[in-house]
Amino acid sequence: MSKSQSIIEQAERFGAHNYHPLPVVIAEAEGVVVRDPEGKEYMDFLSAYSAVNQGHRHPRIIGALKAQADRCTLTSRAFHNDRMGEFLEKLCAYTGFEMALPMNTGAEAVETAIKLARRWGSLVKGVENGRQRIIVCEDNFHGRTSTIISFSTDAEAHDHYGPYTPGFEIIPYDDTGALEGAIDGDTVAFLFEPIQGEAGVALPREGFLAEVRRICTDRKILMIADEVQTGFCRTGRRFACEHEGVRPDVMTLGKALGGGVFPVSAVVADRELMGVFEPNTHGSTFGGNPLGAAVAIAALEVLEDEELDARAERLGKRFRERIADMKCDRIRQVRGKGLLNAVVFDDDFEAWDVCLALRDAGILAKQTHGNIIRFAPPLVIGEDELDVAIERIRAVFEQIEELVRS
Ligand SMILES: *Cc1c(COP(=O)(O)O)cnc(C)c1O
């Protein structure tokens, strides 16, 4: 049995089966390239669901991690630490918001935004406590906590976890008429993804974000953009809402904020809103820890200094054009923004075997639904590197009929 096989068996034997990973073991990684225990190299086209935008083990981020590990790693918020303020100031400058609240995971950032909206509804908007309602979208993905999965429409994520948290109303994605119709006096917020990543890189029609902004302003509800996956240059802008020049009231952030090294998440908003949190009303033991803060500062600097937004925009166009050119009758659509892209196959097509063939060709990608494969390499990918990847993908896609038959 190969080393990889025995490692997989060990994980299957001792680990809960709450994932169904591609059968590949990653032992080492640098930039776009990862290596298995046998020494075979692959290009990472998932980037840990966009948590590795800066590339694996970016030297600047690893340097910051090591230096901070030698000084101080955790204080809790019972005391100040000398890195958190600097991190939050940098994050505010980067996002254009006045205040930030640090947490660890994306789900915690979303939970924080939900609590912020409800608290604002009760304290500022004057909604009776317990009646606050938040509007969300079908096919959303906002994380895995019991409150968040209460409003998931994905049966696997949702079913058998009742009783569910009330206070959410689900409308179709990309439907501003439904949004307007769903708002009543108790509505405090609209929580949505500017591009639905887990749903298969579902793009709203042009104008959706701007219309959402107008409706939220007119009807006095909070526009909460979940940019955990779309943020930090992934879509060719710092944040996906910028594609329509829109500034939400609240953004939830995570994944690439930690530079692929450490879980760091945050909610950003202006002072007027964030002011609803007072001492002891919300928190996290690890949130704002100096190690995460040091890593996040470096992660933001890399995004800025290497202009990864422009790079994602440019290389993403090239990627979509080249894929659309391939001779493969099973492909229905190539879609995405920046380097968050998906190839949609025929409805009844099962893409698992294609992902295995891509793996064998040296490309690691994962399907989001049976028939959709997401392609999201680290944003530091070189143009030549991208071209190599495209040719590997072509070799698989243009032989797809043989795969299907065998
Ligand atoms: C990944 C993701 C989350 C959850 O982040 P975790 O760190 O896994 O808790 C929330 N929202 C979106 C849009 C995501 O893609």
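Each ligand, and each atom within it, is numbered from 1 in the order the structure gives.
- In this structure, the protein non-hydrogen atom closest to atom 9 (O) of ligand 1 is Ala107 N, 2.8 Å.
- Within 6.0 Å of the CZ atom in Arg394, the count of heavy atoms belonging to other residues, nucleotides or ligands exceeds 12.
- Cation-pi geometry between Lys317 and Phe319 is not met at under 6.0 angstrom from the ring centre and within 45 degrees of the axis.
- Between Gly106 and ligand 1, an N or O atom pair is found at a separation short of 3.5 Å.
- Salt bridge annotation for Glu306-Arg311: absent, with no cationic side-chain nitrogen under 4.0 angstrom from a carboxylate oxygen.
- Within the 4.0 Å heavy-atom shell around ligand 1 one finds Phe141.
- A donor-acceptor pair under 3.5 Å is absent between the side-chain atoms of Lys115 and the main chain of Val110, judged by distance alone.
- Distance check on atom 5 (O) of ligand 1: some protein heavy atom falls below the 4.0 Å cut-off.
- Side chain of Glu385 to main chain of Val32: no donor-acceptor pair is present (N/O by atom type, distance under 3.5 Å, no hydrogens or angles).
- Evaluated by nearest non-hydrogen atom to atom 1 (C) of ligand 1, the leading choice among Lys255, Glu198, Gln229 is Lys255.
- For the pair Asp270 (side chain) and Glu272 (backbone), a donor-acceptor distance under 3.5 Å is absent.
- Proximity of His142 to ligand 1, defined as any heavy-atom pair under 4.0 Å, is confined to the backbone N, CA, C and O atoms.
- Contact atoms of ligand 1 toward Thr105: 7 (O), 9 (O) (distance under 4.0 Å to a heavy atom of the residue).
- Among all protein heavy atoms, the one lying closest to atom 11 (N) of ligand 1 is Asp226 OD2, 2.7 Å.
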